[in-house]
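Notes follow the structure.
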Amino acid sequence: MTTISPARSSLPAPSRAGSPRLGLRERLAPYAYIAPFFLIFAVFGLVPLLFTFYVALFDWNPIGDHVFIGFDNFTRLFADGRFWNAVRNTISIWLLSTVPQLLVALVLAHLLNHARLRLAVFFRMSMLVPYITSVAATAIVFAQMFDRDYGLLNWLLGLVGIGPIDFIQSMWGSHALIAVMVVWRWFGYTTLLYLASLQAVPRAIYEAASVDGAGSWKQFLHISIPSLRPVIVFTIVTSTIGGLQIFTEPLLISRATPLTCGAVRQCQTLTLFLFEQGFGQFRFGYGAAIGVALFVLVVAVATLNYLLSTKIRAEKKP
Amino acid sequence: MTDAGPHTTTHPEQPVRRARTTRRSGERVRWWTYALLLLAVGACLFPLYWMFIVATTDTATATQLPPEILPGGNFFHLAGLVFSTVPFLRSILNSLIVAGAIGVGQAVLCSMAGFAFAKLTFRGRNVLFLVVVLTMTVPTQLSVIPQYMIVSSLGWVDTLQALIVPGLANAFGIFWMRQHLSSSLSDEIMQAARIDGATTWQIFWRIAFPLVRPGAFVLGLLGFVTAWNDFLWPFIVLKSPEMYTAQIAIKALQNSFSIDLGLAMSGSFLATLPLLALFVFVGRRMVAGIMDGAFKG
């Protein structure tokens, strides 16, 4: 498996043959190849990240003054019900979107991995269509389908006698709606990642299991799932980092109150809260403090991932 | 990823074919396998179909119950309305410029950096590569406020370069191109070229880049799609309607959503159409590229 974990990042040293003859120009050349990335990353990635910690210590108005206030932003943040509401919403939407997405992708990858499947290319390509559809377009079409009065889904529910559900105005409804959009967008992509991993499993293992009388379900449980473990960890991490950044869906589904995603902030995520404070209320310092909180969450997730993947590697040893 | 090369890129379904010929007595594909897969395909395609339906009907039809499930004849009326409500053609052009520049730029810059990390020796290489890997795990969204302050101090607010330049740095792309380069360019070829007097620059453009062009192409495609669909950052830095990208134009259309239900939907459909058209031609290579870049075993 190719991981992005630091342990695997050490490189094989290429041959140094001929290097004594290289001039200064050629010896400095490698840095020129990596310079554009590091320059852009420094200016638009690293400096803003560090600057976030700095701005968070100020009462910072973009057009007015900025006053150093120490950790006041954080004290206020931790006492702010809106912050904890956003944390709750973010975690709830993340769970509702990640778990079904990974389960669906597992099953579909297993089905697509069948040796004699016809139309394999058609199935794979179709599942990537949501990925190329923009989040904005997705949010608009799903909000319409889930609309209380004119939505397709509520019409179908009405046929079986279930009264109209106001998905957008209720907490669970709005979380479910956003989760459905995230799942729709990503399950095909995840399926392809799982499928690629499954195809590396020798066919002979499946054949042997088949000969021994193991059906499709047992093969799925005892061959597919264990061999997918590393990529499952990877997708959990990427979907978590993605889940912490959900912004466009909540902004677009609630037309009347976009910045709070509803009258009672029922679907305001952390990133949307950051945006509301920073660019809606122009409180850059407070917004930056929310950014720091997001950073802490990301580091916690990354640490968890590291512990999880070392545990898996330890289990793999005979 | 280690076996990623031109061969696997062009024949993603190769293992399937091989198995089919060597294993005639293998178990049949059950009907429910197809049923479930078709259900998944339906779930993937239906929202786009529905987008088209609402984009072709007037508000009265779109809000009637039971809903209309066939396209209406209102498409050109609504499309016209889209173009007159916002400078939509301009926003499509802006999106093309931004996504195109980012796609091409990432393909070239990531190939260069990937080449250096895979094939060149220099002080601090391992540490710098570790930095690249680490930057992949930090979401940039959390620092949008300082990013905006920097772009603002550069005088780039409401310009397209505010989107293009930050979008060029792609750590994942460097990681991806390094994998491609270390597996397809041998040290022997590098040495032979050096003995013949080739400079590093010549080796990169004449030997390395042509070898990994398929990988760079898919990387550029993914960069194009991501840039085309980006929302938060353009939403923050673009102020005037002439500078809007397609996604921000959709948002502007949505603000007048209550007047005509189909308007935002029509805009969404029109903004998705270019990518769908692109996908018809390169979708197969995108699928292969994503699977190639994925984890194996």
Side-chain angles (χ1 to χ4, degrees), chain A residues 1-2 4 6 9-10 14-18 29-30 33-34 36-37 40-41 44 48-49 51-52 108 111 114-117 120 123-127 129-130 132-137 140-141 150 152 155 192-193 196-197 199-200 203 231 241 245 247-248 271 278 284 287-288 291 294-295 302, chain B residues 1 13 15-16 19-20 26-27 29 33 36-37 40-41 44 47 50-51 63 65 67 109 112-113 116 119-122 126 129-130 133 136-137 139-143 145-147 166 168-169 187 191 194 200 225 229 231-232 247 250 257 264 268 272 275 279 283 287 290-291 294-297:
Chain A
M1 141 184 180
T2 317
I4 55 163
S9 65
S10 58
S15 158
R16 286 187 63 99
Y33 288 80
I34 59 170
F37 169 81
I40 295 168
F41 173 71
F44 298 104
L49 182 65
F51 205 49
T52 300
L108 288 176
L111 296 179
H114 205 291
R116 293 170 68 178
L117 188 75
F123 287 131
R124 290 176 197 178
M125 274 181 68
S126 304
M127 283 179 201
V129 167
I132 63 152
T133 310
S134 76
V135 180
I140 285 169
V141 71
Y150 310 116
L152 191 62
W155 174 71
L192 291 184
L193 292 186
S197 223
Q199 288 189 339
R203 289 248 157 236
V231 70
I241 294 172
Q245 304 190 66
F247 169 81
T248 312
T271 313
F284 275 14
L294 253 172
F295 180 77
Chain B
M1 198 133 163
E13 71 280 39
V16 180
R20 202 178 282 162
E27 60 179 297
V29 185
T33 299
L36 285 172
L37 287 173
V41 169
C44 285
W50 189 245
M51 201 193 283
T63 55
L65 296 172
L109 290 185
M112 282 169 58
K119 291 292 160 188
L120 303 178
T121 325
F122 52 97
N126 288 354
F129 189 69
L130 184 63
V133 170
M136 283 199 272
T137 57
T140 50
Q141 285 200 5
L142 64 89
S143 38
I145 289 172
Q147 276 165 5
L168 292 176
D187 288 340
Q191 278 172 41
R194 281 231 191 277
T200 310
V225 170
N229 290 335
F231 188 87
L232 174 59
Q247 307 309 320
I250 294 177
F257 197 51
S268 301
T272 310
L275 280 199
F279 190 71
V287 169
I290 288 167
M291 290 180 64
F295 299 68
K296 298 244 172 115

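Worth saying up front: this structure is predicted, and the values here are computed from it rather than measured. Letters A, B, ... are given to chains in the order of the sequence lines, protein chains preceding strands, and every chain is numbered from 1.
- The structure places CG of Leu168(B) at 11.5 Å from CZ of Phe37(A), a figure rounded to the nearest 0.5 Å.
- To the nearest 0.5 angstrom, Ile34(A) atom CD1 is 10.5 Å from Met112(B) atom CE.
- Atom OG of Ser126(A) is separated from atom CG of Leu37(B) by 10.0 Å, given to the nearest 0.5 angstrom.
- For the residue pair Val141(A) and Pro47(B), the shortest heavy atom distance occurs at CG2-O, 3.4 Å.
- Nearest heavy atom pair, residue Pro48(A) against residue Pro146(B), reads O-CG, 3.3 Å.
- The minimum heavy-atom distance linking Ala137(A) with Gln247(B) is given by the pair N-OE1, 4.4 Å.
- With a threshold of 4.5 angstrom between heavy atoms, Thr33(B) approaches chain A through its backbone and through its side chain.
- A pairwise comparison of heavy atoms in Ala169(B) and Ile40(A) identifies CB-CG2, 3.6 Å as the closest pair.
- Separation of atoms CZ (Phe44(A)) and CD (Gln147(B)) is listed at 8.5 Å; rounding is to 0.5 Å.
- The distance from the OG atom of Ser143(B) to the CG atom of Leu49(A) is 5.0 Å, given to the nearest 0.5 Å.
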How far apart are the C-alpha atoms of Phe284(A) and Ile145(B), what are their side-chain angles, what is the distance that settles it, and do they pass the side-chain contact (heavy atoms from CB on, under 4.5 Å) test? CA-CA 7 Å; Phe284(A) 275 14; Ile145(B) 289 172; 3.5 Å; yes
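- Contact check for Phe279(B) versus Met125(A): side-chain heavy atoms found under the 4.5 Å cut-off.
- With rounding to the nearest 0.5 Å, the separation of CZ in Arg124(A) from CD1 in Ile290(B) is 12.0 Å.
- The contact between Pro36(A) and chain B is made entirely by side chain atoms (from C-beta outward), counting heavy-atom distances below 4.5 Å.
- Ile132(A) and Asn229(B) make their closest contact through O-ND2, 3.2 Å (heavy atoms, listed as atom of the first residue, atom of the second, distance).
- Highest contact tally toward chain B, considering only Thr133(A), Leu108(A), Ile241(A), is held by Thr133(A) [criterion: heavy-atom pairs under 4.5 Å].
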Could you walk me through whether Thr200(B) and Tyr33(A) pass side-chain contact (heavy atoms from CB on, under 4.5 Å), step by step? CA-CA 10 Å; Thr200(B) 310; Tyr33(A) 288 80; 3.6 Å; yes
Checking Gln141(B) against Leu294(A) for the side-chain contact (heavy atoms from CB on, under 4.5 Å) test, could you report, in this order, the C-alpha distance in whole Å, the side-chain angles of both residues, the deciding distance, and whether it holds? CA-CA 9 Å; Gln141(B) 285 200 5; Leu294(A) 253 172; 5.9 Å; no
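- The contact between Phe295(A) and chain B is made by backbone and side chain atoms together, counting heavy-atom distances below 4.5 Å.
- The contact between Thr271(A) and chain B is made entirely by side chain atoms (from C-beta outward), counting heavy-atom distances below 4.5 Å.
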